[in-house]
There are 2 protein chains.
Amino acid sequence: MSLEPLKQMALLGALGSSITISSAEFAQYLKTSPQTASRKLQILEQENMITRKMLPSGQEITITEQGILALQKEYHEYQQIFGDYEEMRLSGVVCTGLGEGRYYITLEGYLRQFEQKLGFTPYPGTLNIELNPYSINLRRRLEIMNDIHIEGFEDGVRTFGSAKCFKVTIDDTGGAIVIPNRKHYPDNILEIIAPVNLRERLNVSDGCEVEVVLCRT
Amino acid sequence: MSLEPLKQMALLGALGSSITISSAEFAQYLKTSPQTASRKLQILEQENMITRKMLPSGQEITITEQGILALQKEYHEYQQIFGDYEEMRLSGVVCTGLGEGRYYITLEGYLRQFEQKLGFTPYPGTLNIELNPYSINLRRRLEIMNDIHIEGFEDGVRTFGSAKCFKVTIDDTGGAIVIPNRKHYPDNILEIIAPVNLRERLNVSDGCEVEVVLCRT
DNA sequence: ATTACTAGTTTCCGAGTAA
DNA sequence: TTTACTCGGAAACTAGTAA
């Protein structure tokens with residue numbers, strides 16, 4: 001399934017309203033023969049990407065909802081490549097961490113900042129997500145994005161490092177990514193905190209696919 | 001020349017730095033066989049889209065400048081479809097208008113507004129461009145964009161209508177699109193004014209391809 | 001484990017034709 | 001003029017093999 005013909009239709013304005021065009025004319029935009037252009041239109045119709053109405057002078061073409069979604073998906077991928085996105089989608093599978101998260105979250109020094117800067121009291125525990133390769137690549141961008149800064153502190157015995165936070169939503173549930181500011185922190189794991197127990201709320205366990213959506217501020 | 005393999009490489013992070021991957025692994029992302037993936041990589045290299053360095057465990061791949069440009073071009077087309085662009089590029093061929101433009105421009109009532117709102121005194125004459133189909137489609141968007149409004153006026157004898165302006169650059173020369181606010185104005189013609197004679201500055205005559213770049217404000 | 005070739009199969013393209 | 005078929009050739013795919 002090639003998107004090129006559908007993209008050309010969209011560029012010709014078939015997104016908002018229908019357009020009338022002949023196979024021969026469409027062939028010029030596709031830089032191919034009228035026969036191939038005609039066949040491409042047949043295929044797009046079979047795939048429910050467009051609807052056609054035959055006219056003596058050509059055909060009236062409208063891109064379907066499904067067609068729009070297919071184009072948007074492609075557009076979204078290019079946005080991820082060039083970073084010109086309003087939202088960043090990171091996905092992966094739920095995994096079990098070392099249990100350190102729960103400990104750190106409940107520390108008074110961090111807790112207060114979470115409440116103040118994130119606007120919620122985190123459930124004592126983190127949802128760990130093992131990112132897929134694409135998402136790992138995206139995650140690296142977080143390093144240079146505007147973060148919600150969590151200060152480090154010391155309690156007289158030891159020091160606790162600072163961290164970055166990014167507000168996200170997972171399946172309509174608000175939460176935040178927490179990335180400790182220390183070297184050698186793995187880049188394929190995402191730690192999420194939220195006001196609720198996410199494993200319960202999302203009804204997920206190790207190995208389940210999840211996606212977090214980060215809105216650029 | 002299909003961009004799909006190159007897009008996948010970019011999604012895997014080969015834009016900023018090089019990545020190391022085997023044909024077999026790459027095949028999974030392309031949803032094809034390792035043989036085909038291997039061939040795709042050979043082709044991309046032949047086309048100067050990527051550079052490869054063979055390693056025992058796979059190959060180190062970097063996307064070339066040319067490859068980045070190819071991806072950006074594709075991205076740009078999707079931006080035109082979904083309207084999330086910083087700049088709008090309208091292109092077409094130079095044509096000769098009715099000569100009305102020159103008359104209207106020199107009217108005191110318009111001239112003052114051009115100087116005040118556009119920041120230049122227009123050369124007495126417009127460059128008319130017959131837009132290509134893609135650009136016609138884009139041009140329609142101007143209708144709903146924030147314009148520089150030129151007021152209508154009357155001189156006691158007749159009334160002169162209002163117009164929209166959009167600042168543009170053509171080949172590094174500043175100017176503006178002028179669209180009279182009247183019904184039945186053709187949507188395939190673009191009238192450009194500039195502080196200089198554009199035909200001379202650009203060294204163009206009827207039939208020459210030109211492109212105007214509009215920066216969204 | 002790689003990469004990349006050869007060979008056989010499948011898919012795709014486009015000229016010709018019909019409606 | 002259209003659209004859409006058939007059909008022969010070109011291109012692309014994948015399994016197998018070699019390095």
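Between B/S23 and C/dT2 there is no side-chain N or O to OP1 or OP2 distance below 4.0 Å. A sub-4.0 Å separation between OP1 or OP2 of D/dT2 and a side-chain N or O of A/Q59 is absent.
As rounded to whole Å, 16 Å separates atom C1' of C/dT3 from atom CD of B/E60. A/I21 places its CD1 atom 17 Å from the P atom of D/dT1, with the value rounded to the nearest Å. Spacing between atom NZ of A/K31 and atom P of C/dC13 amounts to 16 Å, rounded to whole angstrom units.
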Under 3.5 Å donor-acceptor pairs involving side-chain atoms of residues 178-191 of chain B, not counting sequence neighbours:
residue	atom	partner	partner atom	Å
B/N181	ND2	B/S162	OG	2.9
B/Y185	OH	B/E191	OE1	2.8
B/D187	OD2	B/R140	NE	3.4
B/E191	OE2	B/T126	OG1	3.2

Per-pair distances, 0.1 Å, donor-acceptor, side chain in residues 28-44 of chain A, under 3.5 Å, sequence neighbours excluded:
residue	atom	partner	partner atom	Å
A/S33	OG	A/T36	N	3.2
A/S33	OG	A/T36	OG1	3.1

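Residues passing the side-chain contact (heavy atoms from CB on, under 4.5 Å) test with A/E60 are A/S18, A/T20, A/K53, A/L55, sequence neighbours excluded. Applying the salt bridge (Lys or Arg N to Asp or Glu O under 4.0 Å) rule to B/R199 yields the partners B/D206; only residues at least two apart in sequence or on another chain are considered. With sequence neighbours excluded, no residue forms a salt bridge (Lys or Arg N to Asp or Glu O under 4.0 Å) with B/E47. In this view, B/E143 and B/R139 satisfy the salt bridge (Lys or Arg N to Asp or Glu O under 4.0 Å) rule, not counting sequence neighbours. In this structure A/E4 satisfies the side-chain hydrogen bond (donor to acceptor under 3.5 Å, both in side chains) test together with A/K7, A/Q8, sequence neighbours excluded.
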Sub-3.5 Å pairs of nitrogen or oxygen atoms, protein against nucleotides 15-19 of chain D:
residue	atom	partner	partner atom	Å
D/dA15	N7	B/Q35	NE2	2.8

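End-to-end axis angle for the helix from C/dT2-D/dA19 to C/dA19-D/dT2, using five pairs per end and rounding to 10°, comes out at 30°.
Within residues 36-57 of chain B, the residues approached by DNA chain D to less than 4.0 Å at the level of any non-hydrogen atom are B/T36, B/R39, B/K40, in residue-number order.
Salt-bridge annotation for A/E100 and A/R102: absent, with no side-chain N of the basic residue lying under 4.0 Å from a carboxylate O of the acidic one.
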Using side-chain contact (heavy atoms from CB on, under 4.5 Å), reason through B/I61 and B/E45 one step at a time and then give a plain yes or no.
CA-CA 10 Å; B/I61 293 169; B/E45 188 180 34; over 6 Å; no

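Residue pairs meeting the side chain to side chain donor-acceptor pair (under 3.5 Å) criterion with at least one partner in residues 167-177 of chain A, sequence neighbours excluded, are A/T173-A/R201. The list of ring-ring contact (aromatic ring centres under 6.0 Å, His included) pairs with a residue in residues 31-75 of chain A, not counting sequence neighbours, reads A/Y75-B/F82.
Of the candidates D/dT2, C/dT3, C/dG14, D/dT2 carries the atom nearest the A/A24 side chain, counting heavy atoms from C-beta on.
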